[in-house]
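Notes for the one structure printed next.
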Amino acid sequence: MIEDRVHKLNKSSYRHGSLVLYWMQASQRTEENHAFELAKQEARELGIPCVVLFVLNGNYPSGNLRSFSFMLDGLRDMKSELEEQGMRFIVFKGDPVEIVPKVSKRCALVVTDAGYLRHQIDWRKRIAEELECPFLSVESNVVVPVKIASCKEEYSAATFRKKVMKHFADFVNDFEPMELRSRASPDEFEGATEIEEADLSDLDRSVSIISGFRGGQKEAKRKLEIFLSKNLDRFEEERNDPNSGCLSEMSPFLHFGHISPSYIASRVIDSGSKGKDAYIEELVVRRELSMNFVYYNTKYDSFEALPKWAQKTLNEHRNDKRAPSYSLSELESGETDDPYWNAAQKEMTLTGKMHGYMRMYWGKKLLEWSRDPESAIGTAIYLNDKYELDGRDPNGYAGILWCFGKHDRAWSERKIFGKVRYMNSHGLKRKFDIDSYVRRINNLSFDRK
Ligand SMILES: Cc1cc2nc3c(=O)[nH]c(=O)nc-3n(C[C@H](O)[C@H](O)[C@H](O)COP(=O)(O)OP(=O)(O)OC[C@H]3O[C@@H](n4cnc5c(N)ncnc54)[C@H](O)[C@@H]3O)c2cc1C
């Protein structure tokens, strides 16, 4: 089924060159990576080396020291793994739209992975216009390729579930690794840099590194094994309790492509755990609904991406009195009158990962406190993308817009929210010991490097 994951990005069929290039962008791993595997297979067939290219882009949208540091953990691990496989790993600093075509001059073929956000799609399109050799992209960060799951934007998980799960069994185990000890390319790549030596002085350094949360495929698999053995059984009942510590913590790794969702899904299914269905619902149905959303709705980070009923009801309540109203800096430093919201905000700024249940409350409160829904969405995206290790992700835009009615249904009418689902602190108190959560977060120290 790998051919169902492959998309031809240009019309070229000219395949005379001295190497196959894998431009690694969204799937930053060597294992269970369909794009890398295709590049290796093609290199073997053509009898030429396969080279892996990574472009460090200091201007990556909302990229900063925290997210880069997590990503660099993965790149460092990968360099040694690729060298063990006899393969060249070259790193350039700059804009991929300039660098990929420059490096590809001697290529018979360029393969890349797939990304669903606007800038990722745009990079691939612009690079395709420049390349003289064939350029393929391979979807390896979803279990079911986006267009196979559905040919249109889905309304909700209820409409998407059946469609994606119909193909789940066909794709979850479709990865066949090949052993390839490629000839290392003897080529010189002028302008390439070492990861450690890359000049990242233009990077936003205002957000601290999370030293207790390391990136990379080895770490992702280590954490997954802990989750499978200790927490998956409890997942269904306890996942909404931030004190239970039973979540998988896979989202930052999935965001950088340090681990394959198909690999996680097959390990979860094979575990036979009673938590497996609840977990697959999150990992496959909810997560891939987010990919469906951003792929088919290019306004995914704005009010316009909300369903008509949500736009209408929020417009009708536009002039409702909002009190209190906080400044961005009060919000950013968690200084509101709501101790629960402040704790959630601090969990995000200090640990790089807010618990999933608190994210919903956090987003809903921004709607309640902001002067209009557009500024609430803007603030939520700004904070989420800046501090969450898993931010800047389709799941982030879908999760934030969910707080404003996306993928949800209309509820009973109330002020500010209109028919959009409301959440308040009584709900938190009913579901778990929120005060214990607040105490734990307030005891966290700044884990800065
Ligand atoms: C306001 C808001 C903002 C969010 N921002 C992000 C974000 O920036 N990046 C991000 O990856 N997720 C985001 N989510 C979705 C969800 O909260 C996180 O994916 C989850 O908390 C990640 O923790 P985990 O990996 O331990 O999750 P687990 O509960 O262990 O779930 C396993 C995997 O399933 C997927 N998943 C779980 N819950 C959801 C969900 N509600 N929607 C889609 N996929 C889900 C994730 O890929 C996750 O890694 C957001 C949700 C909301 C309401």
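Counting starts at 1 for both ligands and their atoms, following the listed order.
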Could you check, using the six-membered ring where one of them is a Trp, whether [X] and [Y] have ring centers closer than 6.0 angstrom?
{"X": "Phe417", "Y": "His317", "result": "no"}
{"X": "Phe256", "Y": "His258", "result": "yes"}
{"X": "Phe213", "Y": "Phe70", "result": "yes"}

Any ion pair linking [Y] and [X] (charged N to carboxylate O, less than 4.0 Å)?
{"X": "Arg287", "Y": "Glu282", "result": "no"}
{"X": "Lys415", "Y": "Asp320", "result": "no"}
{"X": "Glu81", "Y": "Arg29", "result": "no"}
{"X": "Arg440", "Y": "Asp433", "result": "no"}
{"X": "Lys419", "Y": "Glu316", "result": "no"}
{"X": "Lys364", "Y": "Glu368", "result": "no"}

Is it the side chain, the backbone, both or neither of [X] that has a heavy atom closer than 4.0 Å to ligand 1?
{"X": "Phe235", "result": "side chain"}
{"X": "Trp402", "result": "neither"}
{"X": "Glu282", "result": "both"}

Can you tell me if Tyr279 contacts ligand 1 (heavy atom of the residue under 4.0 Å from the ligand)?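 Yes, Tyr279 has a heavy atom closer than 4.0 Å to ligand 1.
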Min heavy-atom dist Met360 to ligand 1 below 4.0 Å: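 A heavy atom of Met360 does come that close to ligand 1.
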Asn384 and Ile400, any side-chain heavy atoms less than 4.5 Å apart: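 SC-SC contact between Ile400 and Asn384 confirmed.
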Can you confirm if the NZ or CZ of Lys406 lies within 45° of the ring axis of Tyr300 and under 6.0 Å from the centre of its six-membered ring?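 Because its charged atom misses either the 6.0 Å distance or the 45° angle limit, Lys406 does not stack over Tyr300.
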Proximal atoms of ligand 1 relative to [X] (non-hydrogen, under 4.0 Å):
{"X": "Lys353", "answer": "23 (O), 24 (P), 26 (O)"}
{"X": "Gly356", "answer": "17 (O), 21 (O)"}
{"X": "Ser251", "answer": "11 (O), 22 (C), 23 (O), 25 (O), 49 (O)"}
{"X": "Leu283", "answer": "34 (O)"}
{"X": "Gly391", "answer": "8 (O)"}
{"X": "Gly396", "answer": "5 (N), 6 (C), 7 (C), 8 (O), 9 (N)"}
{"X": "Leu254", "answer": "47 (O), 49 (O)"}

Under 6.0 Å from the CD atom of Glu225, do we count more than 12 heavy atoms belonging to anything else shown?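 Yes - once you tally the heavy atoms of other residues, nucleotides and ligands closer than 6.0 Å, there are more than 12.
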Protein residue, atom and distance nearest to [atom], heavy-atom basis:
{"atom": "atom 42 (N) of ligand 1", "answer": "Arg286 CB, 3.7 Å"}
{"atom": "atom 47 (O) of ligand 1", "answer": "Arg287 CD, 3.2 Å"}
{"atom": "atom 44 (N) of ligand 1", "answer": "Asn395 ND2, 3.2 Å"}
{"atom": "atom 1 (C) of ligand 1", "answer": "Arg359 O, 3.4 Å"}

Option of least heavy-atom distance to atom 3 (C) of ligand 1 (set: Asn384, Val284, Leu401):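 Looking at heavy atoms only, the winner is Asn384.
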Could you name the option among Cys403, Cys246, Ser248, Gly399 that has the heavy atom nearest to atom 28 (P) of ligand 1?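 It is Ser248 that holds the nearest heavy atom.
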Any N/O of [X] closer than 3.5 Å to an N/O of ligand 1?
{"X": "Glu249", "value": "yes"}
{"X": "Ser290", "value": "no"}
{"X": "Asp390", "value": "yes"}

Would you verify that at least one protein heavy atom lies under 4.0 Å from atom 16 (C) of ligand 1, or report that none does?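 Protein heavy atom within 4.0 Å of atom 16 (C) of ligand 1: absent.
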Can you check atom 6 (C) of ligand 1: any protein non-hydrogen atom closer than 4.0 Å?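 Within 4.0 Å: yes, protein heavy atom nearby.
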Of all the heavy-atom pairs spanning Ser137 and Asp113, show the shortest one and how long it is.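 Answer, listing the atom of Ser137 first, then Asp113: CB-O, 3.7 Å.
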